[in-house]
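So the structure is just underneath, and the comments pick up after that.
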Amino acid sequence: MTGLKSEFLQILTEREFIHQATDLEALDAKMYEGPIAAYIGFDCTARSLHVGSLVQIMMLRWLQKTGHKPIALMGGGTSKIGDPSGRDESRQLMTDEIIADNMAGIRKPFDHMLTFGDGPSDAMMVNNGEWLDSLKYISFLRDIGTHFTINRMLTFDSVKLRLDREQPLTFLEFNYMILQAYDFMELGKRYGCVLQLGGSDQWGNIVNGIELARRVNSQQLFGVTTPLITTADGKKMGKTASGAIWLNEDHLPAYDFWQFWRNTQDADVGKFLRLFTELPMDEVRRLEKLEGAEINEAKIILANEVTALVRGLDAAKAAEATAKETFEKGGAGADLPTVTIASATLEAGINIVDLFVDAGLGASKGEVRRLIKQGGAKLNDEKVDGEEMTVTAAMLLDGQIKLSAGKKRHALVKAG
RNA sequence: GGAGGGGUUGGGGAGCGGUCAAACCCAACAGACUGUAAAUCUGUCGCCUUCGGCUUCGCAGGUUCGAAUCCUGCCCCCUCCA
């Protein structure tokens, strides 16, 4: 776009990652001059990250690809406090065990997506518990606390919002921004990290770190934030009926993950290709221009690319094969969710409604009955037209029965 | 501490003694149309085997033939005053 010189910032700009940035020209100059280290912090509040964090991880990848050093900071220490940004209520305090457990879960996708090691552009994973856990209160207050005025802290959105709504903000949470600021400075000191990336909700926290480093060390640090990613109809991306789109396989099977991307709205295809794949921009522009049924090609590519990135190539291929088999050939792909029913039960016969519930295609029998009544239930691709139907082993085709609820939800039943 | 207002089915939000499983909106789900898209239209949307039953309207009791609706106690939230 404009006269940016560094490859990293050019890419980020072109792919529309940047929402706000501090002193972009100076940062650009520095990144053009030579490799830098940059970090993003991740909360350890769940066992897996979801697609909301994928934007951030993509930035780390680009950082690595363009020769810089990405640091993934695990908030092992700060998660004991809880970030009040954008929240009306305090987080539940978490125990050390839970945090450690979460951290182990969150780690997983990073191994796919970044190359870790000791080389100059190898990624690092650091836990801020390393320095936060052992802080000495009085000396911390004297060294760091003097650089923060309450007056200013009260003006930050994360704080102001709570106060305006007269929601309690504990002193514990009030300290969060100071600790995150301290993190930034500490990473600068330890690893020469000069840039913090993050979501737009982290702007305040990032700026605090920059100011702290300037006051304490007269060091110039930089910050870049990404916009909140929304879908074309204005919703926050990544929420579906069945829940968040998790990055971890044990939270969301690869097939479902793939389907999420495959079902992207037309209007979002370009945006998602830019942010969540590394396809060349020429290709992105070509794909997003496709119209009518043709844009489905772009969606499949999107799904393949993202799934391969996050889950690995094999998972992506399996998911694509299953989708193809299921949707294009009307068959039953191996990657569909599968339930096993005891052979004896199946021999004796099981009611269709119960089977749908067992297969997870309905939350209650009532729901399944409704589904049948409305003509949305299928068994081996034949419409189920009565709730009295009994399913028996005789209906197994190649050892399995395919159940469908509507056009998109399928499951396989096997005898076992 | 004082004075008021409120907690209803995923969310918002009606209902204020029977006709209430509870209006309406959103979300969700299914069907039609399509392209595994969006928009639109139609239907559904507590649980259970039924025009039948069961369990729901912060919690626990009570009044009544009958309560989400009235009374008592408790818990939680909000607004205003101090």
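Chain letters run A, B, ... following the sequence lines, proteins first, then strands; residues in each count from 1.
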Watson-Crick or G-U counterpart of [N], or none if no pair lies under 3.5 Å:
N     : answer
B:C80 : B:G2
B:U72 : B:A60
B:C20 : none
B:G35 : none
B:A14 : none
B:U44 : B:A28

Please report the distance, rounded to the nearest Å, between [atom1] in [X] and [atom2] in [N].
X        : N     : atom1 : atom2 : answer
A:Leu371 : B:A28 : CG    : C1'   : 14 Å
A:Phe327 : B:U34 : CZ    : C1'   : 15 Å
A:Glu291 : B:G35 : CD    : C1'   : 13 Å
A:Gln259 : B:A37 : CD    : P     : 10 Å
A:Lys383 : B:A32 : NZ    : P     : 8 Å
A:Ile300 : B:A37 : CD1   : P     : 12 Å
A:Lys299 : B:G35 : NZ    : C1'   : 7 Å
A:Glu297 : B:U36 : CD    : C1'   : 16 Å

Notebook entry, point to check: For the base of B:U36, is there a side-chain donor-acceptor partner from A:Lys324 under 3.5 Å away?
Noted result: no
Next item on the list: Under 4.0 Å between any heavy atoms, over every strand shown, what does A:Ala377 touch: base, sugar-phosphate, or nothing? Just pick one.
Entry: nothing
Note to self: Using a heavy-atom cut-off of 4.0 Å across all strands, would you classify A:Trp261 as base, sugar-phosphate, or nothing?
What the structure shows: nothing
Check: Which comes earlier along RNA chain B counting from the 5' end, the contact point of A:Asn296 or that of A:Ala405, where each point is its nearest nucleotide?
Finding: A:Ala405
Margin query: Quick check: on RNA chain B, is the nucleotide nearest A:Arg409 upstream (toward 5') of the one nearest A:Glu320, or the reverse? Name the residue that is more 5'.
Written below: A:Arg409
When the [atom1] atoms of [N] and [M] are considered, how many whole Å apart are they?
N     : M     : atom1 : answer
B:A14 : B:A21 : C1'   : 15 Å
B:C70 : B:G18 : C1'   : 14 Å
B:G53 : B:C77 : P     : 40 Å
B:C29 : B:G46 : P     : 16 Å
B:G5  : B:U72 : P     : 14 Å
B:A39 : B:U8  : C1'   : 33 Å
B:C20 : B:G66 : C1'   : 13 Å
B:G17 : B:C57 : C1'   : 15 Å

Notebook entry, point to check: So, do A:Phe8 and A:Trp62 have ring centers that fall under 6.0 Å from each other?
Noted result: no
Note to self: Is it the case that the ring center of A:His251 lies less than 6.0 angstrom away from the ring center of A:Phe257?
What the structure shows: no
Notebook entry, point to check: Is any side-chain heavy atom of A:Lys365 closer than 4.5 Å to a side-chain heavy atom of A:Glu387?
Noted result: no
Checklist line | Options B:A30, B:U36, B:G35, nucleotide nearest the side-chain atoms of A:Asn263 | finding: B:U36
Checklist line | Residue A:Lys407, side-chain heavy atoms: nucleotide from B:G35, B:A30, B:C33 that is nearest | finding: B:C33
Notebook entry, point to check: Should we count CG of A:Asp233 as having more than 12 external heavy atoms under 6.0 Å?
Noted result: yes
Margin query: Could you check whether atom CD of A:Glu283 has more than 12 heavy atoms from other residues, nucleotides or ligands sitting under 6.0 Å from it?
Written below: yes
Check: Where do A:Asp314 and A:Lys317 land on the salt bridge (Lys or Arg N to Asp or Glu O under 4.0 Å) test, with the steps shown first?
Finding: CA-CA 5 Å; A:Asp314 292 345; A:Lys317 281 186 174 157; 5.6 Å; no
Notebook entry, point to check: If we ignore angles and hydrogens, is there a donor and acceptor under 3.5 Å between the side chains of A:Thr78 and A:Asn128?
Noted result: yes
Margin query: Any donor-acceptor pair under 3.5 Å linking the side-chain atoms of A:Gln202 with those of A:Gln196?
Written below: no
Notebook entry, point to check: Between A:Asp101 and A:Arg47, is there a salt bridge with N-O shorter than 4.0 Å?
Noted result: yes
Item checked: Sequence-aligned protein contact record of nucleotides 42-49 of chain B, with B where the base is within under 4.0 Å of a protein heavy atom and S where only the sugar-phosphate is -> -BSS-SSS
